[in-house]
Amino acid sequence: MSSYTQESAVTVLGLGPMGRALAGTFLDAGLRTTVWNRTPGKDRELVERGAVGTVSAAEAVVASELIVVCVVNYDAADAILRHPDATAALKGRTVLNLTADVPDRARDSAVWAAEHGITYLDGAIMTPAVTIGTPGAVFLYSGPEETYQRHQSSLATLGGRHTHLGEEIGRAAAYDVALLDIFWTAMAGYAHALAVAQAEGITARELAPFAKGIGEILPPIFEDSAQEMAVGTFSGEGNPITSAVSSMAHIVHTSEQHGIDAGVMRAAEGQARRVIGLGHGADGFIRVADVLARQALAGNAGQAAE
Ligand code: NDP
């Protein structure tokens, strides 16, 4: 008889780079790991290492109490989970959806799951697939605390830091979107910077050590800015937003001189100039966040009043 229990068994649906990393790490930790992927063949290496391969999502679901889904987006997750056979098999089990998407999709999935007798936990992975199983992995969760606690020991085998953000199901996706906003805006900036540097005869390798230095400036600025947002002070002492727009204008000028599209920086400069126009020129750059948030509130209130 197998020594495995439902508590030490996990099913992984979706075997892209992240799904494979998750399944492989569960396997390494000794959990009975059942896998399925829409396109056959992606489970080969995992099966060779001891995973149970299946021919349908429904077959994979019945093998475990905990079902981890990790596919490209919620359209894909829905295509799997809302197939009638899979939905029927999921009844009474727990879905942990580690697929990235927007908060409203997580909320919609929680409603759907409740209607079908499925326990639902949402999650987000904030680090690359190579970090899974290492101390560098970062996982965020939201949904029923009791469900998270029940599966915590299985999830801990994935290594790294695990944070339950609260019962509101959309919270993990909301953190994910906000954090990826930082990441992709920074990556857009870096890609653009490499093009501008190249136009000026500077290679990517030459720029890289200095680019790293710019990255290192950011963490204390993030901390200070969070404090300023929290208390509502936006001191521009040392670096007022009027100085920031001057620097941004130099980037736009140099880019466009070389025929390089400066749309992203133009948009950022425009936001900062609007903040100055509202009388906040002596404030620091992070006043932009406050103004954007207040404008959104005012817009929503206006719509509600219409
Ligand atoms: P992808 O985002 O490329 O997703 C690939 C997986 O989605 C495959 O299993 C693929 O199946 C499946 N899929 C796509 N469309 C469908 C569909 N219509 N029906 C069923 N399955 C479908 O790969 P990753 O594994 O990298 O990412 C998975 C999730 O993890 C994403 O939400 C991503 O944002 C997130 N993530 C990934 C990180 C990474 O480093 N890779 C880092 C942090 C988060 P098939 O093989 O059949 O095409």
Side-chain angles (χ1 to χ4, degrees), residues 10-27 33-47 49 51-61 64 66-87 89-90 95-110 112 120-143 155 158-163 165 169-188 190:
V10 63
T11 287
V12 178
L13 303 178
L15 300 175
M18 187 53 90
R20 288 200 300 275
L22 296 169
T25 308
F26 284 133
L27 262 183
T33 307
T34 302
V35 294
W36 175 83
N37 190 67
R38 176 184 62 168
T39 306
K42 295 220 177 141
D43 62 356
R44 192 170 306 124
E45 195 213 324
L46 289 161
V47 169
R49 287 168 58 192
V52 179
T54 54
V55 295
S56 72
E59 186 193 340
V61 162
S64 317
L66 176 62
I67 318 300
V68 175
V69 190
C70 192
V71 287
V72 63
N73 55 29
Y74 267 56
D75 283 343
D78 286 352
I80 298 167
L81 301 175
R82 300 190 192 200
H83 183 284
D85 294 347
T87 305
L90 283 165
V95 168
L96 166 59
N97 200 341
L98 290 177
T99 302
D101 212 309
V102 299
D104 276 353
R105 294 298 295 265
R107 293 176 188 126
D108 174 67
S109 286
W112 168 84
Y120 188 77
L121 202 58
D122 203 69
I125 306 171
M126 301 318 309
T127 50
V130 290
T131 65
I132 306 304
T134 77
V138 174
F139 297 86
L140 305 177
Y141 304 94
S142 50
L155 299 174
L158 295 172
R161 275 186 292 140
H162 298 254
T163 307
L165 298 164
I169 197 74
R171 214 160 162 78
Y175 270 68
D176 187 46
V177 166
L179 294 169
L180 291 179
D181 189 353
I182 303 169
F183 181 74
W184 286 118
T185 309
M187 287 304 290
Y190 187 42

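Counting starts at 1 for both ligands and their atoms, in listed order. In this chain, numbering begins with 1 at the start of the sequence shown. Note that the coordinates shown come from a computational prediction; the quantities given were computed from them, not determined experimentally.
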*Asks:* Only heavy atoms count here, so choose which of Gly19, Gly41, Gly14, Ala76 is nearest to atom 16 (C) of ligand 1.
*Replies:*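 The nearest heavy atom belongs to Ala76.
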*Asks:* Counting each atom of ligand 1 from 1 as listed, which ones have a heavy atom of Leu15 under 4.0 Å away?
*Replies:*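 Answer, ordered by atom number: 9 (O).
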*Asks:* Do Ile132 and Phe139 have side chains that approach each other closer than 4.5 Å (heavy atoms only, starting at C-beta)?
*Replies:*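 Result yes, sub-4.5 Å side-chain heavy-atom pair found.
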*Asks:* N/O of Met18 under 3.5 Å from N/O of ligand 1, yes or no?
*Replies:*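 Between Met18 and ligand 1, an N or O pair is found under 3.5 Å apart.
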*Asks:* Salt bridge check, Asp75 against Arg105: does any charged N sit closer than 4.0 Å to a carboxylate O?
*Replies:*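 A salt bridge links Arg105 with Asp75.
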*Asks:* Give the atom numbers and elements of ligand 1 that come within less than 4.0 Å of a heavy atom of Thr127.
*Replies:*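 In order of numbering, the contacting atoms are 42 (C), 43 (C).
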*Asks:* Would one find an N or O of Thr39, backbone or side chain, under 3.5 Å from an N or O of ligand 1?
*Replies:*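 Checking ligand 1 against Thr39, an N or O pair does fall under 3.5 Å apart.
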*Asks:* Do any nitrogen or oxygen atoms of Leu98 lie less than 3.5 angstrom from nitrogen or oxygen atoms of ligand 1?
*Replies:*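 So ligand 1 has no N or O lying under 3.5 Å from an N or O of Leu98.
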*Asks:* Could you tell me whether Val71 and ligand 1 have an N or O pair separated by under 3.5 Å?
*Replies:*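 It does: an N or O of Val71 is found under 3.5 Å from an N or O of ligand 1.
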*Asks:* I'd like the name of whichever of Leu22, Val130, Val72 reaches closest to atom 1 (P) of ligand 1 through any heavy atom.
*Replies:*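 Shortest heavy-atom distance from atom 1 (P) of ligand 1: Val72.
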*Asks:* May I ask you to check if ligand 1 and Ala129 share an N or O to N or O distance below 3.5 Å?
*Replies:*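 Yes, Ala129 has an N/O under 3.5 Å of an N/O on ligand 1.
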*Asks:* Atom CZ of residue position Arg161 - does it have more than 12 heavy atoms of other residues, nucleotides or ligands inside 6.0 Å?
*Replies:*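 12 or below, so no.
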*Asks:* Which atoms from ligand 1 have a heavy atom of Cys70 less than 4.0 Å away?
*Replies:*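 Answer, ordered by atom number: 28 (C), 29 (C), 30 (O).
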*Asks:* Heavy-atom contacts with Asn37 under 4.0 Å: which atoms of ligand 1 show up? List them by number with element.
*Replies:*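 Within the 4.0 Å cut-off of Asn37, ligand 1 contributes 8 (C), 9 (O), 11 (O), 45 (P), 46 (O), 47 (O).
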*Asks:* Would Pro128 count as being in polar contact with ligand 1, using the rule that some N or O on each side must be under 3.5 angstrom apart?
*Replies:*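 Between Pro128 and ligand 1 (N or O atoms, distance only) the closest approach is not under 3.5 Å.
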*Asks:* Closest by any non-hydrogen atom to atom 19 (N) of ligand 1: pick that one out of Arg38, Met126, Lys42.
*Replies:*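 The option holding the nearest heavy atom is Arg38.
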